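Encoded as structure tokens, the structure appears first; notes follow it.
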Amino acid sequence: MLWLAVTQEKNVNILDYMKDNFIILDGGMGTLLQEAGLQPGELPERWNVTHPEEIVRIQKAYFDAGSNVVLANTFGANGLKFDDEELEKLINAAFDNARRARSESSSKKEMFIALDIGSLGKLLKPYGDYEFEDAVAMYAKTVRYGVKAGADLIFIETMNDSYDTKAALLAAKENSSLPVFVSNAYGSDGKLMTGATPAAMVAMLEGMHADAIGANCSLGPDQLIGVMEEYIKYASVPVLLKPNAGLPRTENGKTVYDVFPPEFADSVEKLMEKGVRIVGGCCGTTPDYIRAVSEKADKLKPVLLTDKNLSVVSSYTHAVIFGHSPILIGERINPTGKKRFQQALRENDIDYILGEGLKQQDAGVQVLDVNVGLPEIDEPAMLINVVKELQAVSDLPLQLDTTDTVAMEAGLRAYNGKAMVNSVNGKEEVMEAVFPLVAKYGGFVVALTLDEDGIPDNAEKRIEIAKKIISKAAEYGIAKKDLIFDPLAMTISADTKAALATMKAVHGIRHGLGVNTSLGVSNVSFGLPVRNIITSTFFALCLEEGLSAAIMNPYSTEMMNVYYAFRALHDMDENCMDYISYTDKLPAMVPAGSQAAAAKGTAGGTPADASNAVDKPATSELQTAIVRGLKEKTGHLTKELLKDSKPLEIIQNEVIPALNTVGEQFEKKKVYLPQLLMAADAAKAAFEEVKLVMAESEDGGAPTRCPFVIATVHGDIHDIGKNIVKLILENYGFAVSDLGKDVPEQAIVDEVIRLHAPLVGLSALMTTTVPAMEETIKLLREQAPWAKVCVGGAVLTQEYADSIGADRYCRDAMETVRYAEEVEAELNK
Amino acid sequence: MREYFDKILVDIKGQGTVPQYLEYDEPPVEKAEALRYSGYPADRAVAVASGKLEDEAVSAMVDKVFELMKGQLVLKVGYKIVPISFDEEGFPILPFEQRSEQLKGNLEGCSLAVLFAATVGSGIDRLIRRYERTEAKTALFLQGCGAERAESLTNAFNNDVKNAAELAGYKAHPRFSPGFGDLPLTVQTEFLALLDAGRRMGITLNESLLMSPSKSVTAIIGLEKL
């Protein structure tokens, strides 16, 4: 027996074994331990030491029933629950038990023992309060002990969040060379709790080289048919299934599940016939279930595994597949030639960048290009920040656009899904820097057809470079399907043969080499008048040659016309529905100027306007629009006014008085918070128009008043109140630096010192975080004694504010504005 | 609207159960509540919701926000029914540690307790996250309308419990939540573990013991034999 166990450890690798065989996993553990006396609240991992005979008995029963893989009893063995010493001891004991079960089993099958890893149970930022990298480090600890204890493979399971799954898989890959199986828990809607579809998970997990992927827990085998079919359709690696024995109920004080071994095995058999290759059971299943499944598997031949050859990227919710309908990649998150965007980057104005992303999403792009490179900023830090912020507000996959490989790695690591990478090219040095990152984190790489000798002027040489890149990528294990070539559009104003060469290269790469292509199409018209005509026609011609994607401006009506018409003409748009709904929206795309004129023509005639005019006879149309919270109208009217008036005059004479009107009414309780916010939002539209004009001017459109640092204190994640105060302060022209929520004390102090800010606003909603507020104020007094501190939030009162040494308690946003004005006036004396 | 009182009835008659999980359809919208949670004074909210007072812009915002939430919510309830007894000082003995005078008062005379968690899922938090950075007013209304959804879900479940209890010959006491009065939030860890809420419902706690998804409710309903 012992001799058998030793040879298995040495000779048979599970990856080799599973090429030609089904793998039978084990069944439920928790329910069996409870039957053996595990108390609610007791940690099952401690039983590895206190009740080894029970663990061995159950695991031996699974091996005897036909399991090829038994999971060591380490599901919850992590550094959040146990200190290092106990963790190592429990994991070692878990493997001792499993090895004993294996050597005592009468089974003649190949038998493997997996390190079982379940979720830490912490929700990661930005939705929760746990750092992604902290999660990676925590999982890494378990992985290292598991490797030391002699695991044959790592089994990551019951994960219901894609980001958490990525953290665990990254830890497994970085700390071991063992095979890794990854299994997620899907809801009855066929998605993970945080929204990912099976296709999205397949894209991310295959990109990171998981060896088998699939689903476990939550539902019975029949309810998981849909999820399994998706896995089989998209996955090129073996698919696994470990379902529950249906749903639990209580009978005579005992828990019973509603699917019994024979039906369970029948259901699992059907999925094995469809292509599932690794099967077992989860909650409620016992050795009887596994025996029934194992007997079915003995009579079946596994379905042949095929490479699905899909070119795919994913976000935390869904996958986008290249190669069929053309994909639009929005180019607007990019500072090149955009003063307003550069200003946003320099001022760390993330909201502006997020706004650009969301606007493009509304315009219809499927992927967002993200370029935040500017000489004077820290690009890696900025890219991590923008990636994390963007993926929290938009569900579009991102294309990380940078030449800085440090920034690229940082972005890929932080990305929740499989990203597009922009870009690599035929230069050896660049390929050697970029390909290892793609191999590690997964990615779909844009490859430019240029090399050490520059951009060839003809298609043939560009195709040669493409071939060179394909073979180099293969050395890193990156397949053709994960490359997308950009054969480079050059302007025809310099060389009228340029467009022909590009089109020929698109055709050759797509149809000759069978690889996807992408272009930044607008370069083609550089230097010519009315560029849109040339660019959109070129786009149409390239699509006809087989272009799979374009990096483009989605606000261009001509480009969008081409896209929708092309899809309709190429049978990619069922019943032309997309085209029809696109044209429905077309009138809304009429240039803003003419709409503003129309608004001006009709405004003032409605009764509501009339009544307002009676209330405030002195106010202008713009002020009325702001007071009433009409965002679109405010934007248009501001644009009109900017033609004749100076930006600052509009702020001083129109926007601020309008806000004062609303502010006063708010203080008198004549309008309420929702209306105050609607007005503030409308005013923001006016500011955006003003900023656009001012970004072009000398002073760069800097805010007109003193800096104001604002933050929700350490330990507190409530920031809606703080965001409201920020919005109103910005409306009044203060240069607000918003540090976000859960901000460490010293970080606030550092920012106050950096800006020499005379004003600090601290927010806390919970009594438990007021001490953090007090500590922040104490540090501010020591290190930035010039700063005045106002505090706000649900738990605070004037007395409370006094007791923690704040200068002022501000009940709401308007009080904060009044206080800020007071302090500023004092400074200007 | 799906109801579950018959399912709950079986569990009450069985004097307890392992955690059970229910998926609810969306209950009808309580517009006045949504407005109230969004920062409107209660009387005004009722007036606007009933059409007695016109506030077109705000009314339209609520409609817009419910449109945004469409398809983003998954309404789940997890519950566990346990028998309860009392110690010499009259404190209820529950599967989680506490010594709350107010809970003791609430559960007086009860022999069963329904422990439950209800959530509308993380979709609403994604929406709030999106809008709080770009459109604060919409975020405010999302907070308000999301709170209304969670409250309406909780009411729907509570109603099913009440109806089931009546059929089984019990009276349901008013629900009582961790964080109310002298029942500290610290019980949340054990409370959610009892329901396996992390794994089965995706409810996790942060360091400050607040739940994510944020629009989630935990509570206990005492059942008194009549």
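Just so it is clear: chains get the letters A, B, ... in the order the sequence lines come, proteins before strands, and each one is counted from 1. Model, not experiment: these values are computed from the prediction.
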remark   = Given A/L354, A/L677, A/D742, the one with more heavy-atom pairs under 4.5 angstrom with chain B than any other is A/L677
Contacting moiety of B/F141, where chain A heavy atoms sit under 4.5 Å = side chain
task = Any chance you could lay out the side chain to side chain contact (heavy atoms under 4.5 Å, CB included) test for B/E135 and A/M678, step after step, and finish with the verdict?
result = CA-CA 9 Å; B/E135 231 178 83; A/M678 312 239 303; over 6 Å; no
message = Tell me whether B/R199 contacts the main-chain N or O of A/N160 through its side chain, where contact means a donor paired with an acceptor under 3.5 Å.
response = no
note = B/R126 and A/M193 have their tightest heavy-atom pair at NH1-O, 4.4 Å
key: Heavy atoms of other groups near B/Q102 CD, more than 12 under 6.0 Å   = yes
remark   = Turns out that what part of B/Q143 lies under 4.5 Å from chain A's heavy atoms comes down to side chain
task = Calculate, to the nearest 0.5 Å, the distance between atoms CG and OG1 belonging to A/D681 and B/T138 respectively.
result = 6.5 Å
ask   = What part of B/K7 is in contact with chain A, defined as an atom under 4.5 angstrom from a non-hydrogen atom: side chain, backbone, both or neither?
value = neither
Part of A/L123 lying under 4.5 Å from any heavy atom of chain B = both
task = Check whether A/A392 gets within reach of chain B through its side chain, its backbone, both or neither, counting any heavy atom under 4.5 Å.
result = both
inquiry  = Using a 6.0 Å cut-off, check whether atom NZ of B/K13 has over 12 heavy atoms from anything other than its own residue.
reply    = no
key: Residue B/E23 versus chain A: region with a heavy atom under 4.5 Å   = side chain
ask   = chain A heavy atoms under 4.5 Å from B/P213: which part of the residue, side chain, backbone, both or neither?
value = neither
query = Relative to chain A, which segment of B/M201 carries a heavy atom at a distance below 4.5 Å: side chain, backbone, both, or neither?
reply = backbone
note = Output for pair (B/R129 CZ, A/Q391 CD), nearest 0.5 Å, gives 10.5 Å
task = To the nearest 0.5 angstrom, please state how far the CG atom of A/L219 sits from the OH atom of B/Y21.
result = 12.5 Å
request  = Examine whether an atom of B/A139 lies under 4.5 Å from a heavy atom of chain A, and if so say whether it belongs to the side chain, the backbone or both; otherwise answer neither.
outcome  = both
query = Does A/K741 NZ have over 12 foreign heavy atoms under 6.0 Å away?
reply = yes
B/L210 versus chain A, the contacting section by heavy-atom distance below 4.5 Å = side chain
message = Sub-4.5 Å heavy-atom contacts with chain A: which residues of residues 31-50 of chain B show up?
response = B/S38, B/G39, B/Y40, B/P41, B/R44
query = Roughly how far, to the nearest 0.5 Å, is the OG1 atom of A/T194 from the CG atom of B/D125?
reply = 11.5 Å
ask   = How many angstroms lie between NZ in A/K631 and NZ in B/K137, if you round to the nearest 0.5 Å?
value = 6.0 Å
task = Quick one: pull up CG in B/L140 and CG in A/L727 and give me the separation to the nearest 0.5 Å.
result = 11.0 Å
